[in-house]
Student: 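First the structure, then my questions, so here it is.
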Amino acid sequence: MQLGTNLPKIGSYNRAVVLEAVQASDGISRVQIAARTRLTAQTVSVIVRRLLEEGLVVEDGSAPSSGGKPRTILRVDPAAGYAVGVHFDPKEISCVLADLAGRPVARSHLAVRPGLKPEAVIRQMARAARRILREARVPDGKVLGVGLACPGPLDGDGVMVSPPRLPAWEQVPIKKLLREHTRFPVTVDNDATAAAIGERWAGIARTTPSFAYLYLGTGIGGGIFLDNQVYRGRSMNAAEFGHITVEPDGPECHCGNRGCAEAICSPSAIEAAMGGHFSHADICAAAARGEAAAREVIERVAGRLADAAVSVVNMLDIDLLVLGGPALREVGEIYREVIAAATASRALARRLHTVRVETSPIAADAAAIGAASLVFHATYAPRLATTLLGG
């Protein structure tokens, strides 16, 4: 939870802090907001009145107090705004319409036909976004924007820079083109950071100051929140956990390194470990049923990911590690158990505090829901650095 400040000329930051406190709770009073944010009761009262007038927050019942009249409970109005989240995977486009509480209202999944040129795929994304709004009967005026989660690296303008699994997408201005085709503002981030923001906005990390997200999709990535702020790094591409070396003499990775977690633990690597005769989905299903060969491969891969996870925990000293992404499939609990055991027994600060390891409840659609949350986060989340720099 962020703390507010009573200094002048930062009203927009304090507004965001109060809205975040309401959004992160399952009902909260003005008194509780003041206690959590350390804003004065008067400041909270003024901000809440404006949020009520704007329709972002509603009064919803009351709770008993220790003295005096009952305290009015505040909640975010889910219908106050919507965002479309688009996740572009090399094989599939996932689309989610989410309300302001971050809850999915509608979902769709479309296969990407091999050989399509980038602009044709982007038009497909735009049609999917428009279709989901039409079918849900959400008017354009209620839509805050479109969030896009896609493979990185990305530059600050939303241009794809040498994406390793998408050579045809080199220097494609994906943000600009999607904005032109949807006619909505577009917020873009790599899929793993988007998933982390989704977990912060609507998942199990809503009140966790510092956490890391380990994302398992076609590749392996990550996202980081430190002291309530998303950390993207100098080039906006921080937390590439898939490129932590876990086997120094391991196979060559497409990044140029050897023995990266992605080279050993990605779905294609798991398929290769099973002789290339089974799909990743089939291997996960077999492991979940307890079939020995598949289970052995998944546990070995989970062990290598645990090596990377211990490095992340030691480096960042976080409170929570979230596992998510479509590659978890039915084997998420296997990964969670192996990684949790490793962090509990090998993390340097394990005697000072235990790092929770949890599987995201929205793991399968984490990037798409995260993409929608990008819009909410960019619109409403408190960003201290921007406030201090006068941005």
Student: Look at the rings of H87 and Y215 and say which category their plane angle falls in: under 30° parallel, 30 to 60° tilted, over 60° perpendicular.
Tutor: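 Taking Y215 first and then H87, their aromatic rings stand perpendicular (interplane angle over 60°).
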Student: Whether the T245 and N257 side chains hold a donor-acceptor pair (N or O, under 3.5 Å, no angle test) is what I'd like checked.
Tutor: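 Yes, side-chain donor-acceptor contact under 3.5 Å.
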Student: Dump the intermediate steps for side-chain contact (heavy atoms from CB on, under 4.5 Å) on V18 and L39, then the final yes or no.
Tutor: CA-CA 9 Å; V18 171; L39 290 167; 3.8 Å; yes
Student: How are the rings of F225 and H377 set relative to one another: parallel (under 30°), tilted (30 to 60°) or perpendicular (over 60°)?
Tutor: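 Aromatic pair F225/H377 classed perpendicular.
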Student: Tell me whether E170 contacts the main-chain N or O of P167 through its side chain, where contact means a donor paired with an acceptor under 3.5 Å.
Tutor: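 No, the answer is negative, given that no donor and acceptor are paired below the 3.5 Å cut-off.
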Student: Look at the side chain of N314 and the backbone N and O of L348, then say whether any donor-acceptor pair between them is shorter than 3.5 Å.
Tutor: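 Yes, because the side chain of N314 sits within donor-acceptor range (under 3.5 Å) of the backbone of L348.
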Student: Taking R49 first and then E54, would you say they form a salt bridge - that is, a charged N and a carboxylate O separated by under 4.0 Å?
Tutor: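 Salt bridge absent between R49 and E54.
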Student: Decide, yes or no, whether a salt bridge links R289 with E291 under the criterion of side-chain N to carboxylate O below 4.0 Å.
Tutor: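 Looking at E291 together with R289, the answer is yes, because their closest N to O distance falls below 4.0 Å.
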Student: How far apart are the C-alpha atoms of L154 and V159, what are their side-chain angles, what is the distance that settles it, and do they pass the side-chain contact (heavy atoms from CB on, under 4.5 Å) test?
Tutor: CA-CA 5 Å; L154 297 159; V159 176; over 6 Å; no
Student: Taking E271 for its side chain and H280 for its backbone only, find out whether a donor-acceptor pair lies under 3.5 Å.
Tutor: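 Yes, because the side chain of E271 sits within donor-acceptor range (under 3.5 Å) of the backbone of H280.
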Student: Quick check: are there more than 12 heavy atoms from other residues, nucleotides or ligands sitting under 6.0 Å from CD of E180?
Tutor: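 Buried by this count: over 12 neighbours within 6.0 Å.
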Student: Ignoring hydrogens and angles, tell me if any N or O in the side chain of T343 forms a donor-acceptor pair with the backbone of A340 under 3.5 Å.
Tutor: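 Checked: pair present.
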Student: Charged N to carboxylate O under 4.0 angstrom, R50 versus E53?
Tutor: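 No, R50 and E53 are not salt-bridged.
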Student: With side chains defined as the heavy atoms from C-beta onward, is the minimum distance between I93 and V86 less than 4.5 Å?
Tutor: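 Touching, per the 4.5 Å side-chain cut-off.
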Student: Would you kindly say whether T72 and E59 are connected by a side-chain donor-acceptor distance under 3.5 Å?
Tutor: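 No, E59 and T72 have no side-chain donor paired with an acceptor closer than 3.5 Å.
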Student: Could R200 and E20 be called an ion pair, given the rule that one side-chain N must be under 4.0 Å from one carboxylate O?
Tutor: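 Yes.
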Student: Would you find a donor on one side and an acceptor on the other, under 3.5 Å apart, between the side chain of T208 and the backbone of S210?
Tutor: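 Here the side-chain-to-backbone pair does not exist.
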Student: Heavy-atom distance under 4.5 Å between the side chains of R356 and D319, does that happen here?
Tutor: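 The answer is no; the side chains never approach within 4.5 Å.
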Student: Are Y380 and L97 linked, directly or through intermediate hydrophobic residues, by side-chain heavy-atom contacts shorter than 4.5 Å (ILVMFWY only)?
Tutor: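 Looking at the clustering, Y380 is in a separate group from L97.
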Student: Answer whether the closest heavy-atom distance between the side chains of L323 and I339 falls below 4.5 Å.
Tutor: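 Side chain of L323 against side chain of I339, heavy atoms only: contact under 4.5 Å found.
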Student: Do you know which two heavy atoms are closest between P163 and W169, and how far apart they sit?
Tutor: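 Scanning both residues, the minimum pair turns out to be CG-CB, 3.9 Å.
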Student: For a 4.5 angstrom cut-off between non-hydrogen side-chain atoms, does D365 reach H109?
Tutor: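 Heavy-atom side-chain distance check passes, below 4.5 Å.
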Student: Between T37 and A21, what is the shortest heavy-atom contact and its length?
Tutor: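 In this case the closest contact between T37 and A21 is CG2-CB, 4.3 Å.
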Student: Taking the side chain as every heavy atom from C-beta outward, state whether R15 and L51 have any atom pair closer than 4.5 Å.
Tutor: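 Yes; the side chains approach each other to less than 4.5 Å.
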Student: Would you check if E199 and P361 make a side-chain contact, meaning some heavy-atom pair closer than 4.5 Å?
Tutor: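 Yes, at least one pair of side-chain atoms sits under 4.5 Å.
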Student: In plain terms, say whether D157 and K175 are close enough for a salt bridge, that is, a side-chain N and a carboxylate O under 4.0 Å apart.
Tutor: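 Result for this pair is no, no salt bridge flagged.
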Student: With a 4.5 Å heavy-atom cut-off, do V313 and I318 have their side chains touching?
Tutor: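 Result yes, sub-4.5 Å side-chain heavy-atom pair found.
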Student: Return the minimal non-hydrogen interatomic distance between I220 and L305, and the atom names on each side.
Tutor: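 Reported closest heavy-atom pair: CD1-CD2, 3.9 Å.
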Student: Would V188 end up clustered with V121 when hydrophobic side chains under 4.5 Å apart are linked, directly or stepwise?
Tutor: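 Hydrophobic grouping puts V188 with V121.
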Student: For H254 together with H243, are the ring centres under 6.0 Å from each other?
Tutor: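 Aromatic pair counts; centres sit under 6.0 Å.
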Student: Could you walk me through whether L178 and V146 pass side-chain contact (heavy atoms from CB on, under 4.5 Å), step by step?
Tutor: CA-CA 9 Å; L178 187 59; V146 174; 4.0 Å; yes
Student: Report the distance from atom CG of L100 to atom NZ of K142, rounding to the nearest 0.5 Å.
Tutor: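 Taking CG in L100 and NZ in K142, the distance rounds to 9.5 Å.
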Student: Would you check, one step at a time, whether the test side-chain contact (heavy atoms from CB on, under 4.5 Å) holds for W201 with Q23?
Tutor: CA-CA 8 Å; W201 188 264; Q23 193 276 333; 3.6 Å; yes
Student: In terms of side-chain geometry, is the basic nitrogen of D140 or R130 positioned less than 4.0 Å from the acidic oxygen of its partner?
Tutor: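 Here D140 pairs with R130 in a salt bridge, since their nearest N and O are under 4.0 Å apart.
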Student: Between R258 (side chain only) and P248 (backbone N and O only), is there a donor and an acceptor less than 3.5 Å apart?
Tutor: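 A pair under 3.5 Å: no.
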Student: If only atom types and distance count, is the side chain of T193 paired as donor or acceptor with the main-chain N or O of N190 below 3.5 Å?
Tutor: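 Here the side-chain-to-backbone pair does not exist.
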Student: State plainly whether the residues D189 and R232 are in salt-bridge range, i.e. N to O under 4.0 Å.
Tutor: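 Looking at R232 together with D189, the answer is yes, because their closest N to O distance falls below 4.0 Å.
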Student: Tell me, do M125 and F88 make a side-chain contact under 4.5 Å, heavy atoms counted?
Tutor: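 Yes, their side chains come closer than 4.5 Å.
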